[in-house]
Amino acid sequence: MTSEGAYRQGAGRRGAVLVFDANDRLSAWNEEAEALPSAARLLVQGALPETLAPLFRGLPAGHTVTDWPLSGGGFVRRTAGEGAADEAAAGNGLAAGADLSGRLFAAASHDLRQPLAALSLLLGALEGRLDGAAGGGKSVTGRGNAPADPAARDLLSAMGNAVQSLRGMVDGHFDLVRLEAGLVQPDIGAPVVNGILTRVALDAAPRFDGRGLRFSVLPCSVRIATDASLLERILQGFIANTLRHTERGRVVLGCRRQGPDLRVELWSTGRGLLPEQLRTLREELRRPDGAGDPSVIDLGLRLAWGLARRLGHRLEVDSAPGCGTMLAVLVPRAADGAEEPPALAEPAALNATAPGEDVSRARVLVIEDDPMVLEALGALLGQWGCAVVAADSVDAALERLGPGPQPPDLVISDLRLKGAMNGIVAIRQIGKALDATLPGLILTGDTDPMRLREARLSGYPLLHKPVAPMALRGAVARLLGRERLKS
């Protein structure tokens, strides 16, 4: 059977997806694209859009080709035709090609986050060295009693902001591709919104602090009917938009009831929007088909909008010139009696990133199969005074702990490890081998909702790569406990 014949018999009904980089070069595609006419000859890495035009000449009647621009350059080209929406509505699940594409994007996203994670951690270690120099400790150059250079600190802060911005772009690009390719499938549960707010706060607080913005979160114990992972991504999109448009003042994340819904709102001071700008933005958010002018909505808010549409939630925005902006997502409250499997209790103090907590003298086992991230974690924890045992697997960890070892005070593990074992299993295996119950912390660069759900239900706290150093320090301090550190 020819590729054209396969496509016309339904292999491509869910849509071919081609991803082009900022230089308009083909960088990725799904199996549906391989079923297009002449795909075997034309689909090659680095191909230009004009050379791929023959792919779309033999599409069946009713099929369309749409380009979706990506912030910072590049675009996604996707085909859509009659029957795709009906299949999705019927709940038939993803085709093998879509599943392959989903794994492709998830793997690429994970791999890109690894060097970003290492860079973020190394910046934290360098900041610690500057602090040591300012306090009379050993400086980066090895000279004690050397005052920290204010210009160097400013450069370090700018580098940190650049890493966070790059992280947001990586997250946004890959999530938009997955969303438009139909690879994001909601997993609706009944989570308590407070856990979602806490995780968002732990990630966002250092970013706002780096901009000199006061950030606070108002706790809420209401259960909601949503996919917790995707709602987090919506709120992270709000935060990315707010960081871009707020120069000074305060940012508040909180909730209030509205009929059967719960409004999750992010308020910020700032320059706000002019009435015409607000009207245009509201019109874009009301579009039911996802079409419209990409320049009106930036990457973070466009991602939030797309995810909200997929979840059936509604976005609202309000703003006043010179006063600030409010972004809100309306989420249905869960039915009475709805339950979510228990997860680890979240800390009560949402803003307690604990930058000043003493975590020295703690023995920390780190399991990470990426050498860059493993080295960076070791450098940062060592800078804080921890005794670090670093390993790339459970077997290597047990070997380096030695025979009859004293159990570590804490285990930090990547979620995705080589082989069949993940970080959750790794922490439990280490505890079983040492006959001890060990505090554990999961780090991950994954964005796959099912993997994230598994991690959150494990009972271990979860931090996303690239993790802000102070968010990591706060999590380590809470897991170790102040009294244990003093003993």
Answer yes or no: are there more than 12 heavy-atom neighbours, outside Glu399 itself, under 6.0 Å from its atom CD?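 Check fails, neighbour count at 12 or below.
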Testing the basics here: between [X] and [Y], what is the closest heavy-atom pair and its distance to 0.1 Å?
| X | Y | answer |
| --- | --- | --- |
| Val388 | Gly382 | CG2-N, 4.0 Å |
| Ala204 | Ile239 | CB-CD1, 3.5 Å |
| Thr79 | Ala16 | OG1-N, 2.8 Å |
| Ala391 | Arg400 | CA-NH1, 3.6 Å |
| Leu243 | Arg211 | O-NH1, 2.7 Å |
| Leu52 | Ala47 | CD2-CB, 4.0 Å |

Check this for me: does any side-chain nitrogen of one of Arg263 and Glu316 sit under 4.0 Å from a carboxylate oxygen of the other?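 Counted as a salt bridge, because a side-chain N and a carboxylate O are separated by less than 4.0 Å.
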Can you tell whether the side chains of Arg233 and Asp227 come within less than 4.0 Å, N to carboxylate O?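 Asp227 and Arg233: not salt-bridged.
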Mark yes or no for whether [X], through its side chain, and [Y], through its backbone, hold a donor-acceptor pair below 3.5 Å.
| X | Y | answer |
| --- | --- | --- |
| Asp21 | Ser27 | no |
| Ser38 | Arg41 | no |
| Arg25 | Gln45 | no |
| Gln277 | Leu274 | yes |
| Asp370 | Val373 | yes |

[X] side chain near [Y] side chain, heavy-atom distance below 4.5 Å:
| X | Y | answer |
| --- | --- | --- |
| Val193 | Cys255 | yes |
| Leu253 | Phe215 | yes |
| Arg77 | Phe56 | yes |
| Ile442 | Leu463 | no |
| Arg223 | Arg333 | no |
| Asn30 | Leu18 | no |
| Asp318 | Arg282 | yes |
| Leu122 | Leu380 | no |

If you round to the nearest 0.5 Å, how far is [atom2] of [Y] from [atom1] of [X]?
| X | Y | atom1 | atom2 | value |
| --- | --- | --- | --- | --- |
| Leu438 | Ile427 | CG | CD1 | 8.5 Å |
| Leu315 | Trp305 | CG | CH2 | 9.5 Å |
| Leu266 | Gln236 | CG | CD | 12.0 Å |
| Glu34 | Leu43 | CD | CG | 7.0 Å |
| Ser393 | Asp369 | OG | CG | 9.0 Å |
| Trp29 | Leu36 | CH2 | CG | 12.0 Å |

Check each of Val329, Leu231, Leu262, Ile234 against Thr226 using the side-chain contact (heavy atoms from CB on, under 4.5 Å) test, and report the only one that passes. Leu231
Intermediate values then yes/no, side chain to side chain contact (heavy atoms under 4.5 Å, CB included), Leu281 and Leu273: CA-CA 10 Å; Leu281 178 56; Leu273 299 174; 3.9 Å; yes
Between Thr51 and Leu42, is a side chain to side chain contact (heavy atoms under 4.5 Å, CB included) present by the stated rule, with each step listed? CA-CA 7 Å; Thr51 67; Leu42 297 176; 5.6 Å; no
Across all chains, not counting sequence neighbours, the side chain to side chain contact (heavy atoms under 4.5 Å, CB included) partners of Thr246 are Leu213, Thr242, Ser268, Thr269
Chi angles and distances behind the side chain to side chain contact (heavy atoms under 4.5 Å, CB included) call for Val411, Leu441: CA-CA 6 Å; Val411 181; Leu441 175 65; over 6 Å; no
Let me see the working for Ile367 and Leu365 under side chain to side chain contact (heavy atoms under 4.5 Å, CB included), right down to the final yes or no. CA-CA 7 Å; Ile367 306 175; Leu365 171 62; 4.2 Å; yes
